There are 2 protein chains.
Amino acid sequence: MRESSSVKTIDRLVEILDCFSSQHPDWSLTELSARLGVPKSSLHRFLLALETHSILRRDPQDRRWRLGYRPLVWGQLAAHHTLRLIARPVMERLAAETGETVLLTVYENFEVVCLEKVDSTHEVRLAMEVGTRRPPHAGASSKILMAYLPETEIQAIIERGLPRLCTNTITDPTELRAELAQIRDRGYAVSREETDVGAWGVATPIWGPRGEVVAALGIAGPLFRLTRGLTQEYVVKCRQAAEQISHILWKNGRGKGGDFGK
Amino acid sequence: MRESSSVKTIDRLVEILDCFSSQHPDWSLTELSARLGVPKSSLHRFLLALETHSILRRDPQDRRWRLGYRPLVWGQLAAHHTLRLIARPVMERLAAETGETVLLTVYENFEVVCLEKVDSTHEVRLAMEVGTRRPPHAGASSKILMAYLPETEIQAIIERGLPRLCTNTITDPTELRAELAQIRDRGYAVSREETDVGAWGVATPIWGPRGEVVAALGIAGPLFRLTRGLTQEYVVKCRQAAEQISHILWKNGRGKGGDFGK
DNA sequence: AACTCAAGTTCCAAATTACGGAACACTGTT
DNA sequence: AACAGTGTTCCGTAATTTGGAACTTGAGTT
């Protein structure tokens, strides 16, 4: 028998969704009814409910049930949470070592979103709250994420315009493309007053299990603390931390949930 | 007010899960209760139920609620279904043009899984059912997927051993690595009797929105129908089809669900 | 150490909600 | 035209969820 909770409807929901797999991605009402041993009428009402929330959808062609788009959204979110969870301790160490603010960001639909941050130990620091969204062309983290997007996406971003946010924001398409090429070449991005007056940043990519960039790890702070040679030191530290996160991500992040859940 | 279905528990579930976002990834019971206007006692029982199914999890540190690993699994599945849906019509055209079986496969946890297939029009044909799993080192589709995995994953596959499935299965690590390098170089894979006697295959990669390989599109059939020069013709056709799928995938596949759902 | 307050947890009677058998509708087939 | 298989609607019944109230826990304060 299946694990059961105190809310039967949820047990049923899980049972139903668990029927959908790569091997058997679509079901008719009768098939599902037989498989689960649930009367067709009950199941039917249930499936309709799932459909109104786009958890399931009925193929217009063959009228069979398939997963809808909502699990996709949830999955995306859960993936971000996993990343956050894994990155957190590494970020804390990096923040302690550098004394500056450490940021974890992802690219999402023409914006760069801050997933996690660990504050600088100093009173004067760069403040970027979790959840903040920024344009993808300004700042080290943004640029590193943009650099590894497919060409068409870069094109689309440029076509939407490159607003000036601060003194050094790159607003010229040609200049930006050159910068991105250099970033891909070097594997890191730096910025000085591209987003905020008196602020600098460095960032390196976090790689996913298939060799794609899934996020950026950045260090940021006020210019007056940035002494000669410190940038390179931070780049190295940042890359090491990012690689560590990448490593954990696909060392045991795949398969049956890893150390996650219960 | 929110869209409601005939099963209230599901409405509530969706309401709850929708609270979790990049901006606000964790909630305490009280916060959620206030946000939703649901009594703490009811909500509490509900959250516990979600926890037993790993839909939510409580952070051991701060005891706040976060998304669990199950949405991750569902999301992965839903993503595969989207891919399937998009690829299907293109695959049908390809099958009609070539008269051979067309396959859509993804790499998953040391195996290659068949997500979708369109049968050859001929009576004598390669049969590979949806859901079939195969080792990742033999056959055109498998090799193309393996070729674009990160180096460590390739290493891991090789370390697990390269069993011989058929006459021409590549079982030597060095030879396989050379083959994979050539595949990356050319952008397509071919095979002759690597998995089944009398069978051939060609395959090309399907690219995702971030420039990573998300799946493989393959054509396969019996050797006796493979006349001189046909391989190259199929490679070209296969690549065109794969690129078309890639294109649709990130032309309108991202953002707010696209044409998917309702 | 005693107190305060907020957050989290348990309990139980009330009633709303989901259940499922049966009857009905729809579609394509022999 | 009868049939068979699938999907849909109805409605009385039964079970599940509900939420107020009381209780526990734990952190912070005097």
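Model, not experiment: these values are computed from the prediction. Labels below follow one simple rule: chain letters A, B, ... track the order of the sequence lines, proteins then strands, and each chain is numbered from 1.
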Asks: Could you state the atom-to-atom distance from CD1 of B:I10 to C1' of C:dT16 in whole Å?
Replies: 17 Å
Asks: Can you check the A:D62 CG to C:dT27 C1' distance for me, whole Å?
Replies: 15 Å
Asks: Would you tell me if any nitrogen or oxygen in the side chain of B:H44 comes within less than 4.0 Å of OP1 or OP2 on C:dG8?
Replies: no
Asks: Go nucleotide by nucleotide along DNA chain D from the 5' end; which of A:V7 and A:L29 gets its closest nucleotide reached first?
Replies: A:L29
Asks: If you compare every side-chain N and O of B:R45 against the phosphate oxygens of C:dC12 (OP1, OP2), does one of them come in below 4.0 Å?
Replies: no
Asks: Under a 3.5 Å cutoff, is there a donor and acceptor pairing between the side chains of A:R239 and A:Q244?
Replies: no
Asks: Using whole Å, report how far CZ of B:R63 lies from C1' of D:dT24.
Replies: 13 Å
Asks: Decide yes or no for B:L36 and B:C19: does some side-chain heavy atom of the first lie under 4.5 Å from some side-chain heavy atom of the second?
Replies: yes
Asks: In whole Å, what is the span from the NZ atom of B:K8 to the P atom of C:dC19?
Replies: 13 Å
Asks: Side-chain N or O of B:S41 less than 4.0 angstrom from OP1 or OP2 on C:dC11?
Replies: no
Asks: Within the 4.0 Å heavy-atom criterion, would you say B:T30 contacts the bases, only the backbone, or no part of the nucleic acid?
Replies: sugar-phosphate
Asks: Does B:S28 have a side-chain nitrogen or oxygen under 4.0 Å from the phosphate oxygens OP1 or OP2 of C:dA7?
Replies: no
Asks: Determine yes or no for a side-chain-to-main-chain donor-acceptor pair under 3.5 angstrom, with B:S120 supplying the side chain and B:G99 the backbone.
Replies: yes
Asks: Taking only the side-chain nitrogens and oxygens of A:R12, find out if one of them lies under 4.0 Å from OP1 or OP2 of C:dC19.
Replies: yes
Asks: Rounded to whole angstrom units, what separation is found between the CG atom of A:L43 and the C1' atom of D:dT9?
Replies: 15 Å
Asks: I would like to know whether A:R134 and A:E111 meet salt bridge (Lys or Arg N to Asp or Glu O under 4.0 Å); could you show each step before the answer?
Replies: CA-CA 6 Å; A:R134 297 209 156 173; A:E111 285 179 313; over 6 Å; no
Asks: Nearest nucleotide by nearest heavy atom, which residue falls closer to the 5' end of DNA chain D, A:R64 or B:S42?
Replies: A:R64
Asks: Between B:D26 and A:H81, do the side chains contain an N or O donor and an N or O acceptor separated by less than 3.5 Å?
Replies: no
Asks: Starting at atom CZ of B:R58, determine the distance to atom P of D:dT25, rounded to an integer number of angstrom.
Replies: 15 Å
Asks: Over how many whole Å does the gap from A:R35 atom CZ to D:dT6 atom C1' extend?
Replies: 20 Å
Asks: Counting just side-chain N and O atoms, does B:T9 come under 4.0 Å of either OP1 or OP2 of C:dT17?
Replies: no
Asks: Rounded to whole Å, how long is the line connecting atom CG of A:L13 with atom P of D:dT17?
Replies: 13 Å
